[in-house]
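This report refers to the structure that appears directly beneath it.
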Amino acid sequence: MRATARAHHLARFIFHFSFFIFDSRAFTKSSFLDKVLGRIGRLDAEGLQTVVQRLARERSFLETLFNTIEDGVLVVDERGRIIYFNQAVTRLLGLQPSVEGQRLGEILPEVNWEKISHFDAAGGQHIVRHEFEVQYPRPRFLRLYAAPLDGEAVGSAGLALILHDATEARQKTFEAIESERVQALTLLAASVAHEIGNPLNALHIHLQLLEREVKKLRGVSTRGGTGGVGGSRPRSQILAGENETAEVAAKLDQYLAVAKGEINRLDYIVTQFLQAIRPAPLQLKITTLNEVVQKTLELLQPELDNRGVQVKTRLARSLPATPIDPTQVQQALVNLIKNAMQAMTKGGTLTLQTGEGADGVWVVVADTGGGIPQEQLNRIFEPFYTTKKKAQAWGLMIVQRIVRAHGGRIELESHVGRGTTFRLWLPVTRAEATVAGGAVA
């Protein structure tokens, strides 16, 4: 009797375990389990052993099947207690075998168990879809599909939850939206350059003309009132007039200097704007990241010394040559290093490191500044957005454009009070870089 009970329990377990994969109506018509359950009480020991072996094979097959698929499969009973999950759930949520028997709401508070169980108890064709984010074991965006184990029947026999990792798909959606936004900015840039550039040139020319006139005015004041009507004027009046003219000329020089500075600043903003969104073709050359890093460091070393920034370099000894545009990659590094200097108000340490991975070579630019709050990390590549009072609003957008043109990617890690680390990944193979930016020189 005990063997019969165990076999009956095992059969029921396999039956419910299989229910949510196979349609219940098709499954029950020709199911081996149904045939066995109908005459299990008449089986002898040898027959029960055969049944158990068959059920064990079925269970092994299903477990292998579940552990092979990439989506997570999690089964809960009618009370919301976890009774099974595959290896993908462990990877996605970090669950351990010890959580079996615990309630789903305790493990996944993001899931509204009451809403899901209500649809299950009501019966009918209900598949609940839900999206949520998890931070452990690492940040992911998951889509959940919940379906009842008993099909359309009223009441509840438990639920099958399918967890799909939609992190990459969501990221591609964000990138597509960002690409459309950049294209719109590109169209705007043409009109901005035309409408602002021409008036700026005209203003610059007229300021030069004003400077010439101020020089003439200063020359008149230095020559004094010799000859003409001025010669009959008292010397005291002449000296007073010369002093007044000199003061006016000095003030005009100051005003002209301010105006020229503001015009240059506007010109710089327009130039940065165009540089950030204009798709510049890559001039690819076979070189190493180490060479680009060293040239960038030589260029910025005086400014780094002036700010009292300590530089640490950890360049890989044997880094493979890579098809990159050295000029544009150097520009990206200059922008990152300047951002790092601005983030470190008092000295600080700048770390430059290179290395090689399975999918390319990388360079790290790390600082010991104030760091970036987590809620701002997703916005730092946006135009006009900066976390510093005096910084380039376009610098990081230019970096992103250059890295993407190479077919690479950017990894960012920041901790408030500890600093920020940028890691730029670039492909090693010639094919990936050629597709991204043109022929290799």
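- By the side chain to side chain donor-acceptor pair (under 3.5 Å) test, T420 is found to be paired with S414, residues two or more places apart in sequence or in another chain being considered.
- Between R409 and E411 there is a salt bridge, since at least one side-chain N of the basic residue sits less than 4.0 Å from a carboxylate O of the acidic one.
- Taking the charged nitrogens against the carboxylate oxygens, K216 and E213 do have a contact shorter than 4.0 Å, which makes a salt bridge.
- The closest side-chain heavy-atom distance from I107 to L95 is below 4.5 Å.
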How far apart are the C-alpha atoms of R404 and E175, what are their side-chain angles, what is the distance that settles it, and do they pass the side chain to side chain contact (heavy atoms under 4.5 Å, CB included) test?
-> CA-CA 11 Å; R404 285 185 176 177; E175 291 176 358; 3.8 Å; yes
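- Between the side chain of N306 and the backbone N or O of P302, no donor-acceptor pair lies under 3.5 Å.
- When all heavy atoms of E100 and F85 are compared, the closest pair comes out as CG-CE2, 3.9 Å.
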Any chance you could lay out the side chain to side chain contact (heavy atoms under 4.5 Å, CB included) test for D165 and E70, step after step, and finish with the verdict?
-> CA-CA 9 Å; D165 187 356; E70 295 183 358; over 6 Å; no
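- Judged as a side chain to side chain contact (heavy atoms under 4.5 Å, CB included), and not counting sequence neighbours, the contacts of Q374 are L377.
- For T287, the side chain to side chain donor-acceptor pair (under 3.5 Å) partners at least two apart in sequence or on another chain are E291.
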Between L93 and L142, is a side chain to side chain contact (heavy atoms under 4.5 Å, CB included) present by the stated rule, with each step listed?
-> CA-CA 10 Å; L93 303 178; L142 302 179; 3.6 Å; yes
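- Not counting sequence neighbours, the partners of K172 by the salt bridge (Lys or Arg N to Asp or Glu O under 4.0 Å) test are E168.
- Here H206 pairs with nothing under the side chain to side chain donor-acceptor pair (under 3.5 Å) rule; sequence neighbours left out.
- Take D267 and apply the side chain to side chain donor-acceptor pair (under 3.5 Å) test, not counting sequence neighbours, and it matches no residue.
- In this structure the side chain of M344 reaches within 4.5 angstrom of the side chain of L350, judged on heavy atoms.
- Q331 and N335 share no donor-acceptor pair across their side chains, judged by distance under 3.5 Å alone.
- In this structure, the separation between CG on D325 and CD on Q283 is 6.5 Å, given to the nearest 0.5 Å.
- Between Q353 and W362 the shortest side-chain heavy-atom distance falls below 4.5 Å.
- We find the CD1-CG distance between I263 and L203 to be 4.5 Å, quoted to the nearest 0.5 Å.
- Taking all atoms of both residues into account, the shortest heavy-atom contact from L297 to L304 is CD1-CD1, 3.8 Å.
- Residues L299 and K295 fail the side-chain proximity criterion, which asks for heavy atoms closer than 4.5 Å.
- Within the 4.5 Å cutoff, no side-chain heavy atoms of L412 are placed close to those of T421.
- Heavy-atom minimum distance, I402 versus H406: O-ND1, 2.9 Å.
- Counting only heavy atoms from C-beta outward, the side chains of L424 and V329 never approach each other to under 4.5 Å.
- In this structure A166 satisfies the side chain to side chain contact (heavy atoms under 4.5 Å, CB included) test together with F141, R143, H164, sequence neighbours excluded.
- Here OH of Y145 is found 7.5 Å from CD of E131. Values are rounded to the nearest 0.5 Å.
- Contacts of D253 classified as salt bridge (Lys or Arg N to Asp or Glu O under 4.0 Å), with partners at least two apart in sequence or in another chain: R218.
- Under the rule for a ring pair (Phe, Tyr, Trp, His ring centres under 6.0 Å), H415 has no partner lying at least two apart in sequence or in another chain.
- Nearest heavy-atom pair across T354 and A316 is OG1-N, 2.9 Å.
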Take L352 and V365, measure what side chain to side chain contact (heavy atoms under 4.5 Å, CB included) needs, and give me the verdict at the end.
-> CA-CA 5 Å; L352 299 175; V365 178; 3.7 Å; yes
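- Side-chain contact check for T288 and N290: no donor-acceptor pair (N or O, by modelled atom type) lies under 3.5 Å.
- Residues V293 and L333 form a side-chain contact, since some pair of their non-hydrogen atoms from C-beta on lies under 4.5 Å apart.
- We find that E133 and R170 are joined by a salt bridge, their nearest charged nitrogen and carboxylate oxygen being less than 4.0 Å apart.
- Side chain of D77 to main chain of G158: no donor-acceptor pair is present (N/O by atom type, distance under 3.5 Å, no hydrogens or angles).
- Scanning for salt bridge (Lys or Arg N to Asp or Glu O under 4.0 Å) contacts around R79 gives an empty result, with sequence neighbours left out.
- Atoms CD and CD1, from Q102 and I82 in turn, are 7.0 Å apart once rounded to the nearest 0.5 Å.
- Using a cut-off of 4.0 Å between Lys/Arg side-chain N and Asp/Glu carboxylate O, E413 and R423 are scored as not salt-bridged.
- Closest non-hydrogen pair, P320 versus V361, comes out as CG-CG1, 3.8 Å.
- Counting heavy atoms from C-beta outward, N112 and F132 have side chains that stay 4.5 Å or more apart.
- Partners of E262 under the salt bridge (Lys or Arg N to Asp or Glu O under 4.0 Å) rule, at least two apart in sequence or in another chain, are R265.
- One distance of note links CG of N339 with CG of D367; it measures 9.0 Å at 0.5 Å rounding.
- Judged as a ring pair (Phe, Tyr, Trp, His ring centres under 6.0 Å), and not counting sequence neighbours, F174 has no contacts.
- Nearest heavy atoms, A146 versus I116: CB-CG2, 3.9 Å.
- How far CG of L161 is from CH2 of W113: 7.5 Å, rounded to the nearest 0.5 Å.
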